Amino acid sequence: MRKTVAIVGAGFCGTVLAANLLRRPTSATDIVLIERGTAMGRGVAYAKQDFPYLLNVSAGRLSADSRDPQQFLRYARRTLQNVAGEDFLPRALYGDYLQDMLLSAERAAPEHVRLRRVFGEVTGIARTDAGQPLAAQFNDRPAILADRIVLALGNPPPAPPPWAADVLEHGAFRHDPGDLPKTLTGEHSVIIIGNGLTMADVATALSGKPGGGPMLQTISRRGLLPQPQAVFQMGGTRGADALLASTHSVRQVLKASRALASEIEKSGGDWREAIAHIRSSAPHVWRGLPEIERRRFVRHLQVHWDIHRHRLPPQLTLGIECLRRAGRLRIAAGRIQHIAPLDHRLRVSWRPRGSTDSKTQLADLVVNATGPNYSIERSRDPLVRALQAAGMISPDALQLGIRTAPFGACLDAQGHSARDLFYLGPMLRADHWDATGAIELRDHAESLAAHLAAGSS
């Protein structure tokens with residue numbers, strides 16, 4: 001009897017999962033890969049853009065197959081000349097690679113394992129009679145029945161900020177940081193809300209405009225910039241895992257992390273090695289912290305973790321510094337209070353950090369670069385809203401993502417683990433904390449594929 005596994009979303013996670021399922025020895029299986037966009041294997045992160053946005057991880061560390069660490073590097077060398085493992089390459093090239101990987105897995109799959117590609121938007125998932133498949137529902141086509149459904153929905157967009165309620169439809173406001181106007185020049189001014197990797201992408205893209213690009217200012221709560229990437233080799237730090245595993249409070253985590261970084265640097269290493277060690281231990285450490293300590297981490301330390309964990313490619317770091325030295329980019333710390341329309345421009349009211357007085361500035365463009373909204377209770381995605389309304393998925397207490405059991409099995413509103421509905425993606429951070437990088441998500445995809453294959457054999 002044939003089994004059907006439906007994967008909702010064909011970005012990085014959905015594509016890597018499908019490729020892994022195609023490689024697995026299973027019984028007769030149909031893999032249905034569903035994508036609401038126009039291309040599979042890309043998602044938002046690796047879509048083809050007018051501007052060549054860069055990956056923030058070097059080519060030698062981005063294989064989507066753990067069995068073949070140099071796979072992406074070999075693919076890149078087929079397309080580009082003189083590519084080294086330490087190079088930071090265009091994101092669109094990585095999308096090409098994912099598409100090629102899926103096609104290769106499909107061609108090599110046994111005859112009884114088939115891939116079906118479907119373009120459309122899943123708006124709901126319903127349970128049929130007891131013991132029968134789930135139904136992935138659409139507004140414009142018949143439902144697709146599946147024995148297992150995996151939600152691989154990708155990074156959610158930023159939440160609509162309350163301070164922008166009056167300008168969400170205004171031509172000078174961009175809620176989507178990938179949708180930048182092409183008409184800005186050095187005579188214009190831009191305010192970018194947020195200071196992370198997205199800000200760096202926006203600032204880099206806009207700075208290439210005529211006349212050196214518009215005058216740029218960023219506003220974020222603390223005004224901290226991501227740290228730069230660097231070439232380093234992982235060393236064998238003794239007791240790193242044990243040091244982190246013994247922590248049960250945020251204070252202990254911070255102390256252990258500093259001690260680990262200090263030990264590595266004293267032996268001639270790079271502090272980035274410490275971040276890599278912490279990443280590997282993060283799920284265990286996170287699950288061992290009481291909720292009050294998790295809240296303390298999110299409130300006080302998350303921003304510092306983010307700027308050290310999510311680092312900038314050297315080219316972007318250099319570009320940002322050049323813009324700052326030229327006086328074309330200002331970094332500010334503060335809180336946005338309100339944004340109001342003023343003809344074709346926007347009036348931005350904000351309060352600098354540490355001040356009780358507000359400032360008002362006019363901008364020709366305001367870009368929301370505050371990052372993904374992981375709170376499913378504030379989600380605008382119709383499928384996420386429908387699943388939560390039906391009690392099939394549930395949020396964690398800190399609004400970090402979707403509650404899951406082992407292998408990403410969704411926990412319903414009563415805390416019961418589903419046997420047929422799974423989640424794969426960055427909102428695993430609710431239970432694993434660090435689940436946004438390609439390597440972590442690749443490993444989750446491989447683990448889930450093995451679990452699904454075992455269940456269909």
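Small disclaimer: the values here were computed from a predicted structure and weren't measured.
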**Message:** Assess whether a salt bridge exists between D201 and R91, defined as any Lys/Arg side-chain N lying under 4.0 Å from an Asp/Glu carboxylate O.
**Reply:**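 Yes, D201 and R91 are salt-bridged.
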**Request:** Run the salt-bridge test on E291 and R294 with the 4.0 Å N-O cut-off and return the result as yes or no.
**Result:**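 No.
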Heavy-atom count check: over 12 atoms from other residues, nucleotides or ligands less than 6.0 Å from [X] [atom1]?
{"X": "R385", "atom1": "CZ", "value": "no"}
{"X": "R77", "atom1": "CZ", "value": "yes"}
{"X": "R141", "atom1": "CZ", "value": "yes"}
{"X": "R299", "atom1": "CZ", "value": "yes"}
{"X": "R380", "atom1": "CZ", "value": "no"}
{"X": "H284", "atom1": "NE2", "value": "no"}

For residues [X] and [Y], determine if any side-chain heavy atom of one lies less than 4.5 Å from a side-chain heavy atom of the other.
{"X": "I339", "Y": "H170", "answer": "no"}
{"X": "P90", "Y": "Q49", "answer": "no"}
{"X": "I264", "Y": "D270", "answer": "no"}
{"X": "N20", "Y": "V16", "answer": "yes"}
{"X": "F173", "Y": "V366", "answer": "yes"}
{"X": "V303", "Y": "R221", "answer": "no"}
{"X": "K359", "Y": "P352", "answer": "yes"}
{"X": "L387", "Y": "I125", "answer": "yes"}

**Prompt:** Name the one of V118, L102, L21 that satisfies side-chain contact (heavy atoms from CB on, under 4.5 Å) with L33?
**Reply:**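 For L33, the side-chain contact (heavy atoms from CB on, under 4.5 Å) check succeeds only for L102.
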**Request:** Only one of I149, I7, I144 passes side-chain contact (heavy atoms from CB on, under 4.5 Å) with I34; say which it is.
**Result:**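 Filter result, single survivor: I144.
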Any side-chain to backbone donor/acceptor pair from [X] onto [Y]? Under 3.5 Å, distance only.
{"X": "R328", "Y": "G213", "value": "yes"}
{"X": "S257", "Y": "V253", "value": "yes"}
{"X": "S262", "Y": "R258", "value": "no"}
{"X": "R295", "Y": "L398", "value": "no"}
{"X": "R442", "Y": "S63", "value": "yes"}
{"X": "E35", "Y": "G37", "value": "yes"}
{"X": "D443", "Y": "E440", "value": "no"}
{"X": "H188", "Y": "T185", "value": "yes"}
{"X": "H344", "Y": "A172", "value": "no"}

Can you tell me how far [atom2] of [Y] sits from [atom1] of [X], rounded to the nearest 0.5 angstrom?
{"X": "D306", "Y": "R222", "atom1": "CG", "atom2": "CZ", "answer": "10.5 Å"}
{"X": "H277", "Y": "R279", "atom1": "NE2", "atom2": "CZ", "answer": "12.0 Å"}
{"X": "L103", "Y": "T15", "atom1": "CG", "atom2": "OG1", "answer": "12.0 Å"}
{"X": "S66", "Y": "E446", "atom1": "OG", "atom2": "CD", "answer": "3.0 Å"}
{"X": "L55", "Y": "F88", "atom1": "CG", "atom2": "CZ", "answer": "9.0 Å"}
{"X": "S355", "Y": "R335", "atom1": "OG", "atom2": "CZ", "answer": "13.5 Å"}

Nearest heavy atoms of [X] and [Y], plus distance in Å:
{"X": "G334", "Y": "I219", "value": "O-CG2, 3.9 Å"}
{"X": "P160", "Y": "L168", "value": "CB-CD1, 4.3 Å"}
{"X": "A203", "Y": "I320", "value": "CB-CD1, 4.0 Å"}

**Request:** Might you work through the salt bridge (charged side-chain N to carboxylate O under 4.0 Å, His left out) test for D381 and R36, ending with a clear yes or no?
**Result:** CA-CA 12 Å; D381 186 305; R36 61 184 169 189; 3.0 Å; yes
**Item:** Criterion salt bridge (charged side-chain N to carboxylate O under 4.0 Å, His left out) on D420 and R148, from CA distance to verdict
**Value:** CA-CA 5 Å; D420 49 11; R148 304 284 188 274; 5.9 Å; no
**Message:** Taking the ring centre of each residue, are F297 and W305 less than 6.0 Å apart?
**Reply:**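 Judged by ring-centre distance (under 6.0 Å), F297 and W305 do not meet the cut-off.
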If we count only N and O atoms by modelled type, under 3.5 Å, do the side chains of [X] and [Y] hold a donor and an acceptor together?
{"X": "Y374", "Y": "N155", "value": "yes"}
{"X": "H308", "Y": "R272", "value": "no"}
{"X": "R311", "Y": "Q227", "value": "no"}

**Message:** Enumerate the ring-ring contact (aromatic ring centres under 6.0 Å, His included) contacts for residues 376-411, please, sequence neighbours excluded, ordered by first and then second residue.
**Reply:**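 Applying ring-ring contact (aromatic ring centres under 6.0 Å, His included) to every pair that reaches into residues 376-411, excluding sequence neighbours, yields F407-H451.
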**Request:** Determine, step by step, whether R347 and H338 satisfy the side-chain hydrogen bond (donor to acceptor under 3.5 Å, both in side chains) criterion, reporting the C-alpha distance in whole Å, the side-chain angles of both residues, the deciding distance to 0.1 Å, and the verdict.
**Result:** CA-CA 8 Å; R347 185 174 60 236; H338 187 63; over 6 Å; no
**Request:** Name all residues meeting the ring pair (Phe, Tyr, Trp, His ring centres under 6.0 Å) criterion together with Y97; count only those two or more places apart in sequence or in a different chain, and write none if there are none.
**Result:**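 So Y97 forms a ring pair (Phe, Tyr, Trp, His ring centres under 6.0 Å) with F72, Y75, Y94.
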